[in-house]
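Since the structure comes first, as structure tokens, the remarks are kept for the end.
Order of the sequence lines sets the chain letters (A, B, ...), proteins ahead of strands, with each chain counted from 1. All heavy atoms count here, side chains included; hydrogens, waters and symmetry mates do not.
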Number of protein chains: 2
Amino acid sequence: METRRRGRPPQYDRDAALAALTNAFWDQGLAATSLDALAAAAGMNRPSLYAAFGDKQAMYLDVLERFGEQACANVRLAMAAGDTPRTAVTALLRGGVKAYLAGPNGPRGCLAVCTATSEAVMTPAVREALQLVLRDLDAAVAERLAELGSPEPTLQGQLVAAVLHSLAVRARAGAGEAELLAMADAAAAQLA
Amino acid sequence: METRRRGRPPQYDRDAALAALTNAFWDQGLAATSLDALAAAAGMNRPSLYAAFGDKQAMYLDVLERFGEQACANVRLAMAAGDTPRTAVTALLRGGVKAYLAGPNGPRGCLAVCTATSEAVMTPAVREALQLVLRDLDAAVAERLAELGSPEPTLQGQLVAAVLHSLAVRARAGAGEAELLAMADAAAAQLA
DNA sequence: TGATTTCTGTACCGTCTCGCACTAAATTGA
DNA sequence: TCAATTTAGTGCGAGACGGTACAGAAATCA
């Protein structure tokens, strides 16, 4: 098992702290979330936060990258449930709606699309990280569509991901579940 | 002509100042744009900015509302060029790509989708204003599609607007023009 | 010509924010 | 048992930030 290290054992759990940081950034984005808010959310003092996760932007980039990985895993999981392009895309978009409507302070959509985009013009590291997340999401959708025999999975994957982007923005802007599900079903009917 | 008012005449031009505030908010969003940056952009002192436009959030909401109006006018103008749903949607999406790639500090997409979304969870006024902008955009697209004989213009309008949202986010994240135009054309081919 | 009105510009204020210095605490190892 | 190591916690400082008070400037009006 895990070898005990010298020195004072940390009181924080890294995964739990990252989850807490994710939640804080998901609600307010990078600029609007203070270090005090991040520290409070993680249950850590600021010096400990710095030692564990780096500066504020480094924390956000860490959160964004992990979020992208998790989002791709969710895409694969959701689309695995469908055995045709249509059923796979329906499952993906409907699952997206559910996820985007969740949040302790109200529907918060997708952390990447809904918060990283704002920082993208003036913060190259965020722009590049967001670009990677978007491309990985496109690729995950395209890959499953190819498996299911879609004739043009790359462009198709992009269009399906486009609907996900919009569903996320609309949910975060306050659109209702029925409206979002109707849009998801219409998109699946037309795109797959 | 315009009656001269008593007192010291203002040195700023309201429309020019609003345009400057729009540019500043478009690059960085609400939280990341400081008052000093806004004042510098508008060529005004902070007290004058406050007197003319209210507090920072009021400025942003003003900018967002006007942006939404202008965006709807742009949608109508772009779609008027098409005489079928397909040509109208193609013109709209291609025009959107051009607009989203512009910006003095790099591609900045759509001010509403790309910056207001981040603030939407924790700032009800921004969420509601964004919701209105999104709905007006949907309606503008749907209206023209109805004119051109689209069988289901409301849902269709939403899907086309969804592609616009995604194009904006992708442009701001650094996607290239060729890729965005290919996606725009594929979307027009499938949705109209 | 002075009063009144409206705007500009400087200074100021309180709070927030980021980041770090330093001490104390909690562990392992010699 | 004490040194070494690693982490937690408090306090600090400089600057940023949002916003306002107030004096001066520039106009109109009586």
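Atom CZ in B/Arg46 sits about 10 Å away from atom C1' in D/dA16, given to the nearest Å. If you measure from atom CD of B/Gln11 to atom C1' of D/dA25, you get 9 Å, rounded to the nearest angstrom.
The side-chain hydrogen bond (donor to acceptor under 3.5 Å, both in side chains) search around A/Thr117 returns none, not counting sequence neighbours. Partners of A/Glu143 by side-chain hydrogen bond (donor to acceptor under 3.5 Å, both in side chains), not counting sequence neighbours: none found. By the salt bridge (charged side-chain N to carboxylate O under 4.0 Å, His left out) test, A/Arg6 pairs with no residue at all, sequence neighbours left out. The salt bridge (charged side-chain N to carboxylate O under 4.0 Å, His left out) test applied to B/Arg172 returns no partner, not counting sequence neighbours. The side-chain hydrogen bond (donor to acceptor under 3.5 Å, both in side chains) test applied to A/Glu69 returns no partner, not counting sequence neighbours. Qualifying salt bridge (charged side-chain N to carboxylate O under 4.0 Å, His left out) partners for A/Asp55, counting only residues two or more places apart in sequence or in other chains: none. Considering only residues two or more places apart in sequence or on other chains, A/Arg8 meets the salt bridge (charged side-chain N to carboxylate O under 4.0 Å, His left out) condition with none of them. By the side-chain contact (heavy atoms from CB on, under 4.5 Å) test, A/Leu164 pairs with A/Leu92, A/Leu93, A/Tyr100, sequence neighbours left out. The side-chain hydrogen bond (donor to acceptor under 3.5 Å, both in side chains) test applied to B/Asp185 returns B/Arg94, not counting sequence neighbours.
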Could you encode protein contacts along nucleotides 21-30 of chain C as a string, one character per nucleotide from 5' to 3', using B for base contact, S for sugar-phosphate-only contact and - for no contact, with a heavy-atom cut-off of under 4.0 Å? B---BBBBS-

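Near DNA chain C, meaning a heavy atom under 4.0 Å from it, residues 25-44 of chain A has A/Ser34, A/Leu35 in order of number. Contacts between residues 52-66 of chain A and DNA chain D, defined by a heavy-atom separation under 4.0 Å, are absent.
Of the candidate nucleotides D/dG18, D/dG9, C/dT8, D/dG18 has the atom nearest to the side chain of B/Tyr50.
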